[in-house]
Amino acid sequence: MRLPGIFTNSFAFTYDVGRDLLAVSNIIDSHKIPLIGATTGLPGVFYGPWWYYFLTPLLIISAGDPQGIALAMVLLGIFSIILSYVVGNKIGGKFLGVFLAALATVSPVMISLSSQIWNPNIAPFLVLLVLLVLNRIFSKEENLSKYYFLLGILLALNVDIEIIFGLFLSLGVMISAIVIKRMKIKLKEVLCFFLGNIIIFAPRILFEIRHQFLMTNSFFKFLLNGEVSRNVGFTQLITDRGNMFFNFFNSTVALNSKLFGSILIIFIMISLVLFYKKLSRRERNFAITSIIVIITFFLGTVFYRHDIWPHYLVGLPVFFILILGISVNLISKKFKTFIFSSIILAFIFLVNLNIPMIVSDINKPLWEGDAAVYRNQLSVIDYVYKDADGKKFKYVVYTPPVYDYTYQYLFKWYGPKKYKYSSSINANLAYFILEPDFQNPKRLTDWLKKREGDGRIIKSEKVKGGIIVQTRTN
């Protein structure tokens with residue numbers, strides 16, 4: 001379910017990925033270690049460099065091929081399935097481990113996250129590591145300093161890969177730790193936790209010192225003066241956020257079925273209310289943690305009155321699956337048999353597996369995709385080089401995101417590697433690569449009008465994914 005896109009090169013190769021791989025290739029070429037990563041959606045605020053640190057050895061091992069990076073993301077997703085079993089087994093026994101692994105295997109959201117290259121998509125793996133560390137913290141009373149240190153590192157890494165998600169997760173986890181430990185957290189443990197934070201944030205702290213606290217000032221300016229995108233009443237905002245969380249839950253465990261999702265939510269509520277006393281101490285702790293984290297995200301998104309993008313919630317599926325698994329496991333404890341719980345698991349698994357769609361997809365031709373599909377972009381590079389037939393050429397790209405990072409990377413890596421020469425800005429032969437702009441086609445029309453005098457159009461070919469390549473010469 002995760003590998004076909006890698007085998008066929010039909011995974012997404014987007015603006016963000018091209019930007020990141022260009023940055024990482026520059027790190028490899030220059031041997032300079034960066035202190036910050038890519039820009040965030042907040043002006044003047046940057047991600048940390050740890051995503052670049054993660055990508056660097058992968059890019060070296062894969063010899064620059066994005067397919068190798070995409071494969072690494074898939075393998076991380078597959079390892080997360082194994083890790084889900086480990087987490088579930090430690091919390092509630094083998095059945096809960098099987099439940100978490102089974103749902104992590106077929107959940108459409110989990111499959112999607114492990115099939116694309118993007119820094120927020122490693123959040124489920126990091127969240128599972130957080131749960132493993134929390135299991136030690138919740139189950140022990142002494143010698144916890146090293147676990148708080150690890151918790152500090154992991155939560156800071158979550159902030160580093162997606163700021164909004166990481167902040168809400170950190171807040172929810174810290175609240176749950178305080179509640180469950182009943183304020184019995186030693187000063188040494190708190191210091192170790194912040195030491196873990198500091199290690200991850202150290203590159204950005206150094207950057208801040210060098211640049212007069214640029215990001216800190218920008219962040220506070222945004223909080224104080226930033227425009228509020230959600231100009232709606234508080235009641236309507238709560239309703240909107242509730243629908244958003246409900247739909248995200250459905251896409252995680254109910255194959256986007258509102259009816260099935262509603263049944264599962266009611267089932268969770270009834271199970272926890274009626275059979276709460278049947279929970280083991282560990283299950284109770286993680287049920288509380290899951291509920292606190294989910295509520296923290298909900299309240300956080302309500303008071304954060306800006307647009308909420310799906311990657312702000314990227315690690316929540318782990319908590320959705322965990323709380324559902326704990327609820328199903330309660331049935332086996334109530335009736336002292338795994339028969340009913342196994343039937344429920346099998347049904348949820350088969351619904352999300354979506355066998356009818358798998359069967360129908362077998363007979364479908366290979367999906368071509370759009371301009372953001374890696375295979376289609378490679379076809380453009382191949383077309384240009386074959387058409388140029390060894391002659392010097394330059395290229396110009398129109399792409400809706402404006403910045404043509406994907407083509408910059410492919411013309412830097414793929415073209416020279418396969419065809420043994422690079423593009424040249426001084427060439428008379430030019431290729432205009434035109435990606436479709438479905439949201440605003442007039443922008444492409446206006447862009448072409450401004451460039452009517454840029455050489456004579458010899459021919460125009462539609463390659464793949466709706467991408468048009470114009471051949472021009474002076």
Side-chain angles (χ1 to χ4, degrees), residues 1-2 77 80-81 84-85 87-88 91-92 95-116 120-121 123-124 127-128 131 165 238-275 283 286-287 289-291 293-298 301 308-332 338 340-361:
M1 289 181 285
R2 289 162 170 81
S80 296
I81 296 171
S84 296
Y85 173 80
V87 169
I91 293 173
F95 178 82
L96 184 57
V98 171
F99 187 97
L100 298 190
L103 268 290
T105 300
V106 298
S107 168
V109 172
M110 297 292 279
I111 292 172
S112 175
L113 292 175
S114 60
S115 303
Q116 297 183 47
N121 289 5
V127 169
L128 287 166
L131 293 178
F165 166 76
I238 290 177
T239 302
D240 291 347
R241 299 304 196 217
N243 287 330
M244 178 181 67
F245 274 71
F246 177 57
N247 292 332
F248 197 40
F249 176 84
N250 295 339
S251 63
T252 301
V253 296
L255 202 67
N256 290 314
S257 169
K258 291 186 177 181
L259 175 60
F260 189 43
S262 300
I263 292 172
L264 289 179
I265 290 173
I266 293 170
F267 170 79
I268 291 170
M269 295 171 66
I270 291 175
S271 297
L272 292 179
V273 170
L274 293 183
F275 311 132
E283 287 176 303
F286 281 96
T289 299
S290 298
I291 292 169
V293 168
I294 293 169
I295 291 174
T296 300
F297 269 85
F298 178 76
T301 57
I308 299 296
W309 300 99
H311 56 273
Y312 291 176
L313 312 177
V314 67
L316 273 188
V318 175
F319 293 99
F320 290 152
I321 294 171
L322 177 58
I323 194 70
L324 178 59
I326 290 172
S327 302
V328 173
N329 201 28
L330 270 173
I331 301 300
S332 63
F338 286 105
F340 299 115
S341 299
S342 299
I343 292 172
I344 295 171
L345 169 58
F347 185 73
I348 298 174
F349 180 86
L350 291 173
V351 166
N352 286 279
L353 183 60
N354 199 2
I355 293 177
M357 181 175 289
I358 292 175
V359 173
S360 66
D361 286 346

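Index from 1, following the sequence.
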Val87 and Phe286: CA distance, side-chain angles, deciding distance, side chain to side chain contact (heavy atoms under 4.5 Å, CB included) verdict: CA-CA 11 Å; Val87 169; Phe286 281 96; 6.0 Å; no

Parallel, tilted or perpendicular: ring planes of Phe95 versus Phe99, cut at 30 and 60 degrees: tilted

Compare all side-chain heavy atoms of [X] with those of [Y] and state whether any distance is below 4.5 angstrom.
{"X": "Ile308", "Y": "Phe245", "value": "no"}
{"X": "Leu345", "Y": "Leu103", "value": "yes"}
{"X": "Leu272", "Y": "Ile291", "value": "yes"}
{"X": "Thr105", "Y": "Met110", "value": "no"}
{"X": "Phe248", "Y": "Pro317", "value": "yes"}
{"X": "Phe249", "Y": "Ile268", "value": "yes"}

Worked check of side chain to side chain contact (heavy atoms under 4.5 Å, CB included) between Ile91 and Leu100: CA-CA 11 Å; Ile91 293 173; Leu100 298 190; 5.5 Å; no

For [X] and [Y], work out which heavy atoms get closest and say how close.
{"X": "Asn121", "Y": "Gln116", "result": "ND2-O, 3.4 Å"}
{"X": "Phe246", "Y": "Ser262", "result": "CZ-OG, 3.3 Å"}
{"X": "Ser251", "Y": "Ser107", "result": "O-OG, 4.5 Å"}
{"X": "Asn352", "Y": "Thr252", "result": "OD1-O, 3.8 Å"}
{"X": "Val314", "Y": "Ala123", "result": "CG1-CB, 3.3 Å"}
{"X": "Gly261", "Y": "Asn250", "result": "CA-OD1, 3.1 Å"}

[atom1] of [X] to [atom2] of [Y]: how many Å apart, nearest 0.5 Å?
{"X": "Phe320", "Y": "Ile265", "atom1": "CZ", "atom2": "CD1", "answer": "8.0 Å"}
{"X": "Thr301", "Y": "Arg241", "atom1": "OG1", "atom2": "CZ", "answer": "5.0 Å"}
{"X": "Ile321", "Y": "Ser84", "atom1": "CD1", "atom2": "OG", "answer": "7.0 Å"}

Between Phe297 and Phe165, ring centroids under 6.0 Å: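 Yes, they do, as the ring centres are separated by less than 6.0 Å.
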
Pair Phe347 and Phe260, ring centroids less than 6.0 Å apart: yes

Please output the side-chain donor-acceptor pairs of residues 322-330 that fall under 3.5 Å, not counting sequence neighbours, one pair per line with the distance.
residue, atom, partner, partner atom, Å
Ser327, OG, Ile323, O, 2.8
Asn329, OD1, Ser332, OG, 3.3
Asn329, ND2, Gly92, O, 3.3
Asn329, ND2, Glu283, OE2, 2.8

